[in-house]
Every structure is written in C-alpha cells, then in structure tokens.
Amino acid sequence: MQSEPPFPGRPAPPGRVRADNARVVADVLRRAIHDGAIDEALDERALIDEFNVSRNTIREALAALTDEGLIRRSPRVGTHVVARKLDHGLDALQGLQETFRRHGAVRNVVKIATLVDPPRLVARRLRLDDAQAVYIERLRYLDDEPISLDITYLVPDLGIAVLDHDLESQDVFTVLEEVAGGRLGRADMTVEAVDADPHSAAHLEIASGSSLLLLERLTHLAADDRPVDLEYIRMRSDRIFLRSTAYRNEQLP
C-alpha cells in the first residue's frame, strides 16, 4: 500500500499509510456525527479538502462508518447520516430515564426481582456480612429499542421496600431515594468492553459476541456514605457512547 501524507499537509512519517489516515478521519467524523456537528449529508470533495487526504482515504473512512450503521451511501443520492449514538454522561449520577429523557421514553421489563444469597464479593462491597441482597434484572428500552441489560444488587433494608414499587416505569435510583428518605451521594464506576454472551445478545437483539459496554457502579448514600446499590449494566456500544469531563490535578509533579 502506498504511503500518503497525514493531514494537514505534512510529510508522512515512516510506516504511515492510507489506512492509518482513514481510521483517523473516521474517528473525527464519528464524533462530529454523534455531536450533531454533521447533520445530514457528507460531501466527499469537501472532506478531501478539509482533511487534505486522497479520495480513497475518504472513501475508506466512509466505508467504516457505513459498516457501523452511522451513514448510508447511495448512488445519485450521496452520503447521509442515518443514526447517532446516545450520549451517556458519567459526570452526573443519574438513572437511565434521567440520562435519556431528551431522546425518548425509557421503559423497563423486569426479568427477576427477588432476595438472593449474593456472591461473597458482592456482599463484601455492600457490607452485608451474612445478609441477603435484593437482586433485580431489567431489560431496558428506549422507545421500542432494547439498549441495556441491568443487574442490580441492593442492601435488604432498602431493597425489600424498593420491590413494592413500580420498577417497570421508574429508575431504581428514584425509588431508592424515596425509600431511603434522602439523596444518593456518589458512585464508584468502571467501564470496560465485553463481548455479548448469548443471554445478553438475545435480550438486546444483537449478535452473540458483539461488543458491549459494561458499566459497574457502586452507589453510596449521601448522608452516611453507605454503599447501597451495586450494578452491572450492559449497554449496546452500537447505540451508546460515554462522555465525561476531566480536570488536570494541579498537585501532579
């Protein structure tokens, strides 16, 4: 494959090839699509001028975005945006209904809601000792599209009361604050990419082995910082992206 200068107009470093530039172009365009900076049509000539790359590079980038389902390319019609991912911010501690209220109606299908003997690692993180935990598994839809499969462990003194509420139409966070009589305070979170197991894939209507975002979140009460809610949330990575704002620590050397 022949080397091509990377944009904007600088000599190509050793090993920099067209595929590298296509990937970078796709990354920039993908974010612009999700942010709404690119609304409908994409013009190849304008993109060639903007990125200072060849037509083949632009076409490779657009082919990648087509494979992801974000754009559609048609003869005589051109290239148009057909889908955007949902923006899931990590800066605010919110339930899914609160997060996606601008995008549509979130509804829940409760698969399981019961008391269980939790795994020891779960019990330790919720400080349960030998107590049981409330276990809730929900399939969550945005309008008619499944977007996440959530597993929730709750401490029993709050969780048992949560089970008496309508969990089909409410976030657990909302109900938990009502039951606790106070606000949730903070959450420890991790996010990683995982492959969809057959169970998750079937519920989320995607192919087994597809990439998912797994958000693990341990939420504490504001009043006493007690951990009360441990969640494992599998989100469709083809429909959701995660966003956060970070600030540099001034104490760093």
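The figures that follow rest on heavy atoms only: side chains count, while hydrogens, waters and symmetry mates do not. Everything quoted here is computed from the prediction, not taken from an experiment.
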Around D49, counting heavy atoms of other residues, nucleotides and ligands shown, do more than 12 lie under 6.0 Å from its CG?
yes

Flag yes if more than 12 heavy atoms outside R72 fall under 6.0 Å of its CZ atom; otherwise flag no.
no

[X] versus [Y], closest heavy-atom pair with distance:
| X | Y | answer |
| --- | --- | --- |
| V155 | P227 | CG1-O, 3.5 Å |
| Y141 | V109 | CE1-CG2, 3.7 Å |
| A123 | P118 | CB-CG, 4.0 Å |
| P156 | L128 | CD-CD2, 3.6 Å |
| A180 | L158 | CA-CD2, 4.0 Å |

Using side chain to side chain donor-acceptor pair (under 3.5 Å) as the criterion, list what pairs up with [X], not counting sequence neighbours.
| X | value |
| --- | --- |
| D224 | none |
| E145 | R239 |
| E231 | R217 |
| E44 | R55, R59, R73 |

Linking I/L/V/M/F/W/Y whenever any side-chain heavy atoms sit under 4.5 Å apart, do [X] and [Y] land together?
| X | Y | value |
| --- | --- | --- |
| L184 | L96 | no |
| V175 | L230 | yes |
| V172 | L126 | yes |
| Y232 | L213 | no |
| L86 | V81 | no |

Check step by step if side-chain contact (heavy atoms from CB on, under 4.5 Å) holds for V134 and Y153.
CA-CA 6 Å; V134 167; Y153 293 94; over 6 Å; no

Check the pair V24, F51 against side-chain contact (heavy atoms from CB on, under 4.5 Å), reporting the backbone distance first and the verdict last.
CA-CA 10 Å; V24 176; F51 289 98; over 6 Å; no

Test salt bridge (charged side-chain N to carboxylate O under 4.0 Å, His left out) on D87 and R102 and set out the steps.
CA-CA 10 Å; D87 184 342; R102 295 175 299 170; 5.6 Å; no

Any pair counted as side-chain hydrogen bond (donor to acceptor under 3.5 Å, both in side chains), so long as it reaches residues 202-211, sequence neighbours left out
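Those involving residues 202-211 do not exist here.
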
Among [options], side chain to side chain contact (heavy atoms under 4.5 Å, CB included) partner for [X]:
| X | options | result |
| --- | --- | --- |
| L62 | D67, L70, L29 | L29 |
| V228 | L176, D157, L154 | L176 |
| S200 | V194, I206, L149 | L149 |

Is there a side-chain contact (heavy atoms from CB on, under 4.5 Å) between L163 and L115? Walk through the geometry before answering.
CA-CA 10 Å; L163 294 180; L115 276 167; 5.5 Å; no

Joining Ile, Leu, Val, Met, Phe, Trp and Tyr whenever any side-chain heavy atoms lie under 4.5 Å apart, the cluster holding L121 also takes in none

Has the side chain of [X] got a donor or acceptor atom that lies under 3.5 Å from a matching backbone atom of [Y]?
| X | Y | answer |
| --- | --- | --- |
| K111 | L139 | no |
| N108 | V110 | no |
| T99 | G95 | yes |

Can you list the residues that meet the side-chain contact (heavy atoms from CB on, under 4.5 Å) rule with D91, with sequence neighbours excluded?
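Counting only residues at least two positions away or on another chain, D91 forms a side-chain contact (heavy atoms from CB on, under 4.5 Å) with S244, T245.
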
Please determine whether side-chain contact (heavy atoms from CB on, under 4.5 Å) holds for the pair V53 and E60, giving the CA-CA distance in whole Å, both sets of side-chain angles, and the decisive distance to 0.1 Å.
CA-CA 11 Å; V53 293; E60 287 182 23; over 6 Å; no

Could you give all pairs that pass the salt bridge (Lys or Arg N to Asp or Glu O under 4.0 Å) test and reach residues 162-183, with sequence neighbours left out?
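Applying salt bridge (Lys or Arg N to Asp or Glu O under 4.0 Å) to every pair that reaches into residues 162-183, excluding sequence neighbours, yields R140-D171, E177-R183.
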
I need the full list of salt bridge (Lys or Arg N to Asp or Glu O under 4.0 Å) pairs touching residues 119-136, with sequence neighbours left out, sorted by first then second residue.
R125-E216

Taken to the nearest 0.5 Å, the spacing of L212 CG from L214 CG works out to 8.5 Å

Residues two or more places apart in sequence or in another chain: which of them pass ring pair (Phe, Tyr, Trp, His ring centres under 6.0 Å) with H220?
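H220 satisfies ring pair (Phe, Tyr, Trp, His ring centres under 6.0 Å) with no other residue.
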
With sequence neighbours excluded, what pairs up with F241 under the ring pair (Phe, Tyr, Trp, His ring centres under 6.0 Å) test?
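By the ring pair (Phe, Tyr, Trp, His ring centres under 6.0 Å) rule, F241 matches H34.
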
Do R138 and I151 come close enough that some side-chain heavy atom pair is under 4.5 Å?
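Heavy-atom side-chain distance check fails, nothing below 4.5 Å.
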
Side chains of S54 and N56, donor plus acceptor under 3.5 Å:
no

Passes salt bridge (charged side-chain N to carboxylate O under 4.0 Å, His left out), R236 versus D238? Steps please.
CA-CA 5 Å; R236 286 178 51 175; D238 64 326; 2.8 Å; yes

Output all residues satisfying salt bridge (Lys or Arg N to Asp or Glu O under 4.0 Å) with R30, sequence neighbours left out; order by chain, then residue number.
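R30 satisfies salt bridge (Lys or Arg N to Asp or Glu O under 4.0 Å) with D27, E68 once adjacent residues are dropped.
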
